[in-house]
Protein chains: 2
Amino acid sequence: MRIGELSRRTGVSVPTIKYYVREGLLPPGELTSPNQASYGEAHERRLRLIRALLDVGGLKVAEIADVLAAVDDRERPLHTVLGAAADRLGGADAEDDDAEAAAARAAVADFLSRRGWVTYESSPAAADLARALAAMARLGHGAFVEVLDDYADAAEQVARTDLAYVDRQVAVEDMVEGAVIGTVLGEAVLSSLRRMAHVDASARRYGADGPRERKRPPHGHAAHRE
Amino acid sequence: MRIGELSRRTGVSVPTIKYYVREGLLPPGELTSPNQASYGEAHERRLRLIRALLDVGGLKVAEIADVLAAVDDRERPLHTVLGAAADRLGGADAEDDDAEAAAARAAVADFLSRRGWVTYESSPAAADLARALAAMARLGHGAFVEVLDDYADAAEQVARTDLAYVDRQVAVEDMVEGAVIGTVLGEAVLSSLRRMAHVDASARRYGADGPRERKRPPHGHAAHRE
DNA sequence: ATCTGATAGATAGCGACACTATCCGCTATC
DNA sequence: GATAGCGGATAGTGTCGCTATCTATCAGAT
């Protein structure tokens, strides 16, 4: 298959495919002559994975390169690949380091030891949790830590579900990719479900009338006020 | 309080505060003379909320303007404000519309009616769910729909927790803001917890040795390969 | 044999986004 | 009355994910 067909089959433009190759997300096609290369099904599959991680998972191009390098590393234990993927899902890196931040980190450390979770305390996920709790504390919602365990129960349930799902995979190479897909896309699934459950529960509780909120405008990014 | 003190107390630079005012995120200070304005505690609180929605929630500036306009609208029923906030949390808008997308939308519609969730089928959350499921199907993980109900159970549990938490709020104006905070920051909390639970469960199952993954580099966005 | 259209590879540019820098004339305060 | 800070405005910056354009070159139809 040449690049044009790869483009047609995946809906990704030819210049974009070239860009992904340049950025190391996609291996180059096999050169059959100085300016002709052929691409196989692996390329097609990889390209779809890239688009999923990008569009649905919200990962950055450089992060996808990291994750895919981990996926392709045959030496690597499965659970560290999963960690590599999970570590790319959080927010920004820097944040001011005030009293709330320190208290939140302490709360997270306490929570982790209480739960007995096997996790390194300085992992990006733990840092994200601390950042979120610190932000809540700054907004007068320090009491949110009290519901952490309810959240954690739900998180554990989802993690068990995911693991069982990944275990279905027969081949090990499918397991690695499946774990990444489950980690990243599962996040999007859970997030959308939570939002819908939220709206459902809130509508039942506070208002019986249908939604008043306008659907998103046809195309543009929301620039209106409502 | 003048703008300099507001800046010092929140850690947001003066030009950035001015930028937020220009973009309609923050009401302007009350002018005491043609070029002096005074800011109050409400401004400080609002500014912290803006930073939380931006840094932790990952909302865009224009989206935050929408959400805050909804929060400030006294006429608006609480649950529609919550919907407005939830609707800003998803992914992009456009996507190619192939067979997988259609099947995913049908699966979502089926799922919603089965669950009996009060939600409009064309809501951004439902669209996000359909997009995630379509991406999974394209990657050969169409079977993921089979675990949707497990995910939904967890989502419902979280939604119940959130609602109970918001209900603690005594004043109604605090409820509105609390609901937004809970919706947006709760997402970050749940996401980080899921990632940690994931790593924990996977480490217990597949590898007993500690994490091999390097922590994030001190500052830069991940540009390394590992 | 030649013409058309696709291809590899390289470089430069674009649009969205969240700021950031600079300037102006004014003002509070020491 | 000097100096630091202020409100308001405009232009510029850095990052990100592409996109446009260019130069050869090559495959396949005519």
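Order of the sequence lines fixes the chain letters, A, B, ..., with proteins taken first and strands second; residue numbering starts at 1 for each chain.
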Inset, instruction - In plain terms, say whether B:Asp200 and B:Arg195 are close enough for a salt bridge, that is, a side-chain N and a carboxylate O under 4.0 Å apart. - result: no
Inset, instruction - Please state whether the phosphate of D:dG17, meaning OP1 or OP2, lies under 4.0 angstrom from any side-chain nitrogen or oxygen of A:Thr16. - result: no
Inset, instruction - Please determine if a side-chain N or O atom of A:Tyr20 lies less than 4.0 Å away from the OP1 or OP2 oxygen of D:dG17. - result: no
Whole angstrom is fine here: how far is it from [atom1] in [X] over to [atom2] in [N]?
X: B:Ile3; N: D:dG8; atom1: CD1; atom2: P; value: 9 Å
X: B:Ile64; N: C:dA18; atom1: CD1; atom2: P; value: 8 Å
X: B:Tyr39; N: D:dG5; atom1: OH; atom2: P; value: 16 Å
X: B:Leu25; N: C:dC19; atom1: CG; atom2: C1'; value: 12 Å
X: A:Tyr19; N: D:dC16; atom1: OH; atom2: P; value: 9 Å
X: A:Leu54; N: D:dC16; atom1: CG; atom2: C1'; value: 10 Å
X: B:Arg8; N: D:dA4; atom1: CZ; atom2: C1'; value: 12 Å
X: B:Ile17; N: C:dA18; atom1: CD1; atom2: C1'; value: 15 Å

Legend entry - Aromatic ring pairing A:Tyr151/A:Phe144, orientation class (parallel under 30°, perpendicular over 60°, tilted between): perpendicular
Legend entry - B/S/- contact track for nucleotides 21-30 of chain C, protein heavy atom under 4.0 Å: ----BBSS--
Do the side chain of [X] and the main chain of [Y] share a donor and acceptor less than 3.5 angstrom apart?
X: A:Asp96; Y: A:Asp98; answer: no
X: B:Thr80; Y: B:Arg76; answer: no
X: B:Ser7; Y: B:Val12; answer: yes
X: A:Thr183; Y: A:Ala179; answer: yes

Legend entry - Donor-acceptor side-chain pairing of B:Tyr39 and B:Arg46 below 3.5 angstrom: no
Inset, instruction - Hunt down the Watson-Crick or G-U wobble partner of C:dC30, both distances under 3.5 Å, from any strand shown, or write none. - result: D:dG1
